[in-house]
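One is the number of the first residue; the rest follow in order along the sequence.
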Amino acid sequence: MAGESLEAKIARLGGPVRMLRHAPHGPFKSKYPLVHSNWQEEQEAISKTAVLFDQSHHMTDVRFRGPDVTRLLTDTGTNSFATYGPGKAKHLVVCTEGGLMVGTTVLFGLGKEEASLVGPAGAANWVQFQAETGGYNVEVLRDERTEDNVTGRRLYRYEIGGPEAWNILEKVNGGALPFPKFFTMTELTIAGRRVQGLFHTVIGKPGSDSKGMEIFGPAEDGPAVLDALLTAGAEFGLVRAGGIAYYTGATETGYPAQPLPAIYTSERTKAFREWLPGDWYEGKLSIGGSYASENVEDYYVSPYDFGYGHLVRFDHDFIGREALERDVDRPHRKKVWLIWNDDDVVDTYRSSLFDGENRAKSLETPLPRYARVPADAVMIGDRRVGMSTMAAYTVNFGCWFSVALLDEAEARDGAEVTLLWGEEDGGTGKRNVEYHRQRPIRCTVRTERR
C-alpha cells in the first residue's frame, strides 16, 4: 500500500490511545441525510407502518472472487459455514488469534466463487489482508463508501422494513412474494428492473410481524427503483427515513456499534498494521466518552462480550478458534440496555445550557454520538463495571437509553448503575468536543428489549 501505514501513523502520533481518543475527527461523515421529514415520525414508522432507508452511501462493499473464496471465509470467520452457499447471507464475525474482534459485517454469498462483505470496512480489510498475504487464489474488488469513493458507487442499496413492508414489496413486484428463509436472498422485479433482495426481520418491536428486505442492484437503476418503492408505499404509510432513525433504530435492537478493531498493539497484528494505509478505516476511527484508559486493549471485546457468542461455532478451523474455545466458559461481559434516569437527563440538558464553564457535555437529541466508537464508563460506586456504547432517545422507547457491555455479575435486570457522561479534563482533543465537565447519570439495567 502506498503512503503512510497505520503502524507508522500510530508511532508518529504517540501511540494508539492518543491517536484514537484525541483524533481531530468525530463520527464519520456520510452523504446519508440525517432526516427527510422529522426524526420522530421516522422513528415511529419503524414499528407502526413501514420505513425506507437508503444505504447506498455509508457502507463499503468489498467483493471477493475466485476458487478460494469459501476457504478464505471459513479460515477467517467464526461463524459456521455448514449451510453457506450462493443466495445465503450471514453476520460475519472475524477475530484476531487472541479471540478478540476485528469487526463484523454482512456476508452476501453471490455465487459459488463470489462473495461480498458489506458494512464498516474493518472486517473486510482484515479478510482482504488474509487473501493477499495467505496465498489464496482470490481477486478483490473494492467499492468504497461514497465519502471515500472517487469513481462513484457501483450499486444502490435500500432497506425496507416494518409491519407494512411486505405489502409494499408485493405491490411493487406486481404479485405475491413467498417468504424466503431468514437471511436468504431472492430476486424480484421493481420498475422493470431485476433486483436482488435479502430477507430479514430485524426492524420492529419484539414479536411483531415485521418482515423486511434489503434490496440492491446497479447504481443506474437506483432512482427508478426508489421512486417505485415510494409510490407503491404511499397507501401503506411508508416513510422515507434518514440516518438518525437508522442509527437510533439499531440502538433500540441492542446493537452496540462497531467494536474497536483489536489490532493496534499485538506483534501478531503488526504485519496487518504495516499493510494498512493510515488513512483507511482503522486510522480514522475515534474513541469518545468517559471510559478512559492508557491501554488501548481495555477497549477490545470478544464476540462473547459483544453479544455475538451464538455466531462462534467450532465446526471448522479459523483465526482465533483456540482462544475462543479456551474462553467460552470463562466470565465475560454481557450486553444490556441502560435506561437513563429522566431527572438526571433533564439536569444534564440544563447544565449544558446554563452552567458556563461547569456545563455538562451536550446531549445532542436524539443521537449524541460525537465519536465513531462511543465508550462511557458504567460505575457502581467507585468501581467500573462496564462500558456504555451507543446512546439514543427514541419515541418508541420514550426515554433516553444506551447499549452497554457489563461485567456478567452486574448484568442483572433492574440493577442500578451510574453512567459517567462526558470526558475527563474538560474534554479530549477532538475538534467537535466542546469544553465541559463530567456528570453522573443514574441508569437502570434492562436485560431484554421490551
Inset, instruction - For the residue pair Tyr291 and Asp376, establish whether any side-chain heavy-atom pair is separated by less than 4.5 Å. - result: no
Inset, instruction - Could you tell me whether Arg383 and Glu410 have a side-chain N and a carboxylate O separated by less than 4.0 Å? - result: yes
Inset, instruction - Flag the pair Val51 / Glu42 as yes when at least one side-chain heavy-atom distance between them is below 4.5 Å, and no otherwise. - result: no
Legend entry - Beyond-backbone contact of Tyr281 with Glu144, side-chain heavy atoms, under 4.5 angstrom: no
Legend entry - Residue of the set Tyr308, Phe306, Tyr304 for which ring-ring contact (aromatic ring centres under 6.0 Å, His included) holds with His332: Tyr304
Legend entry - Interatomic distance, Glu164 atom CD to Glu235 atom CD [nearest 0.5 angstrom]: 9.0 Å
Legend entry - Check: Asn396 side chain, Gln43 main-chain N or O, donor-acceptor pair, under 3.5 Å: yes
Inset, instruction - Return the minimal non-hydrogen interatomic distance between Tyr255 and Thr104, and the atom names on each side. - result: OH-CG2, 3.7 Å
Inset, instruction - Could you tell me the separation between the CG atom of Asp143 and the CZ atom of Arg153, rounded to the nearest 0.5 Å? - result: 4.0 Å
Inset, instruction - Would you check if the side chain of Arg369 reaches a backbone N or O of Arg372 as a donor-acceptor pair within less than 3.5 Å? - result: yes
Inset, instruction - Please name all residues satisfying side-chain hydrogen bond (donor to acceptor under 3.5 Å, both in side chains) with Arg431, sequence neighbours left out, ordered by chain then number. - result: none
Inset, instruction - Spell out, as yes or no, whether a donor-acceptor pair under 3.5 Å connects the side chain of His436 to the backbone of Lys361. - result: no
Legend entry - Full working for side-chain hydrogen bond (donor to acceptor under 3.5 Å, both in side chains) between Thr269 and Thr96: CA-CA 8 Å; Thr269 57; Thr96 65; over 6 Å; no
Inset, instruction - Please round to the nearest 0.5 Å and tell me the distance separating atom CZ of Arg439 and atom CG of Asp344. - result: 8.5 Å
Inset, instruction - Would you give the length of the straight line joining atom CG of Leu260 to atom CG of Leu20, rounded to the nearest 0.5 angstrom? - result: 5.5 Å
Legend entry - Point-to-point distance, once rounded to the nearest 0.5 Å, from CD1 of Ile263 to CD of Glu7: 9.5 Å
Legend entry - Check: His200 side chain, Met213 main-chain N or O, donor-acceptor pair, under 3.5 Å: yes
Inset, instruction - Taking all non-hydrogen atoms of both residues into account, name the closest pair between Val395 and Glu44 and its distance. - result: CG2-CG, 3.3 Å
Legend entry - Minimum heavy-atom distance Ala262-Leu100, with the two atoms named: CB-CB, 3.5 Å
Inset, instruction - Flag the pair Arg145 / Met59 as yes when at least one side-chain heavy-atom distance between them is below 4.5 Å, and no otherwise. - result: no
Legend entry - Cationic N near anionic O, under 4.0 Å, Arg21 to Glu424: yes
Legend entry - Non-hydrogen side-chain atoms of Thr348 and Trp400 separated by less than 4.5 Å: no
Inset, instruction - Using the six-membered ring wherever Trp is involved, compare the ring planes of Trp39 and Tyr393 and label them parallel, tilted or perpendicular (cut-offs 30° and 60°). - result: perpendicular
Legend entry - Atom CD of Glu416 with >12 non-hydrogen neighbours under 6.0 angstrom: yes
Inset, instruction - May I ask you to decide if Gly15's main-chain N or O and Tyr264's side chain share a donor-acceptor pair within less than 3.5 Å? - result: no
Inset, instruction - Determine, for Arg437 against Glu357, whether the closest basic-nitrogen to carboxylate-oxygen distance falls under 4.0 angstrom. - result: no
Legend entry - Side chain to side chain, Val94 and Gln130, heavy atoms closer than 4.5 Å: no
Inset, instruction - Answer yes or no: is there a side-chain heavy-atom contact under 4.5 Å between Asn125 and Pro261? - result: no
Enumerate donor-acceptor pairs with a distance under 3.5 Å from any side-chain N or O in residues 80-87 to protein atoms, sequence neighbours excluded.
residue	atom	partner	partner atom	Å
Ser80	OG	Ala82	N	3.3
Ser80	OG	Asp315	OD2	2.6

Inset, instruction - Please check if any side-chain donor atom of Ser290 sits under 3.5 Å from a side-chain acceptor atom of Gln438, or the reverse. - result: no
Legend entry - Salt-bridge present (Lys430, Glu423; N to O < 4.0 Å): yes
Legend entry - Audit row: Leu238, Ile160, side-chain contact (heavy atoms from CB on, under 4.5 Å) steps and yes/no: CA-CA 9 Å; Leu238 177 66; Ile160 183 170; 4.2 Å; yes
Inset, instruction - Apply the test side-chain contact (heavy atoms from CB on, under 4.5 Å) to residues Val373 and Tyr299: give CA-CA distance (whole Å), side-chain angles for both, the deciding distance (0.1 Å), then the verdict. - result: CA-CA 10 Å; Val373 180; Tyr299 298 96; 5.9 Å; no
Inset, instruction - Grab the two heavy atoms, one from Arg333 and one from Asp305, that are nearest each other, plus how far apart they are. - result: N-OD1, 2.9 Å
Inset, instruction - Count the heavy atoms of every other residue, nucleotide or ligand shown that sit under 6.0 Å from CZ of Arg142, and state whether that count exceeds 12. - result: yes
Inset, instruction - Using atom types as modelled and distance alone, determine if a side-chain donor or acceptor of His58 lies under 3.5 Å from a backbone N or O of Glu147. - result: no
Inset, instruction - Specify the closest pair of heavy atoms between Ile46 and Ala245, including all atoms of both residues, with the distance to one decimal. - result: CD1-O, 3.8 Å
Inset, instruction - Report the C-alpha distance between Ser56 and Tyr158 in whole Å, list the side-chain angles of each, state the deciding distance to 0.1 Å, and finish with yes or no for side-chain contact (heavy atoms from CB on, under 4.5 Å). - result: CA-CA 7 Å; Ser56 305; Tyr158 306 132; 3.8 Å; yes
Inset, instruction - Starting at CG of Leu117, measure out to CD of Gln128 and round the result to the nearest 0.5 Å. - result: 10.0 Å
Inset, instruction - Measure the acute angle between the ring planes of Phe129 and Phe272, then classify it against the limits of 30° and 60° as parallel, tilted or perpendicular. - result: tilted
Legend entry - Residue pair Arg359, Glu434: steps toward the salt bridge (Lys or Arg N to Asp or Glu O under 4.0 Å) verdict: CA-CA 10 Å; Arg359 61 183 174 267; Glu434 77 280 15; 5.6 Å; no
Inset, instruction - Say whether, by atom type as modelled, one donor and one acceptor occur between the side chain of His316 and the main chain of Gly77 under 3.5 angstrom. - result: yes
Inset, instruction - Look at the side chain of Ser388 and the backbone N and O of Ala404, then say whether any donor-acceptor pair between them is shorter than 3.5 Å. - result: no
Legend entry - Taking every non-hydrogen atom, the tightest pair across Val312 and Leu324: CG1-CD1, 4.1 Å
Legend entry - Working for side-chain contact (heavy atoms from CB on, under 4.5 Å), residues Leu338 and Arg446: CA-CA 6 Å; Leu338 300 182; Arg446 182 183 292 177; over 6 Å; no
Inset, instruction - Check whether the ring centres of Phe199 and Trp166 lie less than 6.0 Å apart, and answer yes or no. - result: yes
Legend entry - 4.5 Å side-chain heavy-atom contact, Leu198 and Arg157: no
Legend entry - Under 3.5 Å donor-acceptor, Ser351 side chain and Ala360 backbone: yes
Inset, instruction - Check whether any side-chain N or O of Arg313 sits under 3.5 Å from a backbone N or O of His310 as a donor-acceptor pair, and report yes or no. - result: yes
Legend entry - Val102, Thr105, Leu311 screened by side chain to side chain contact (heavy atoms under 4.5 Å, CB included) with Val93, the one that passes: Leu311
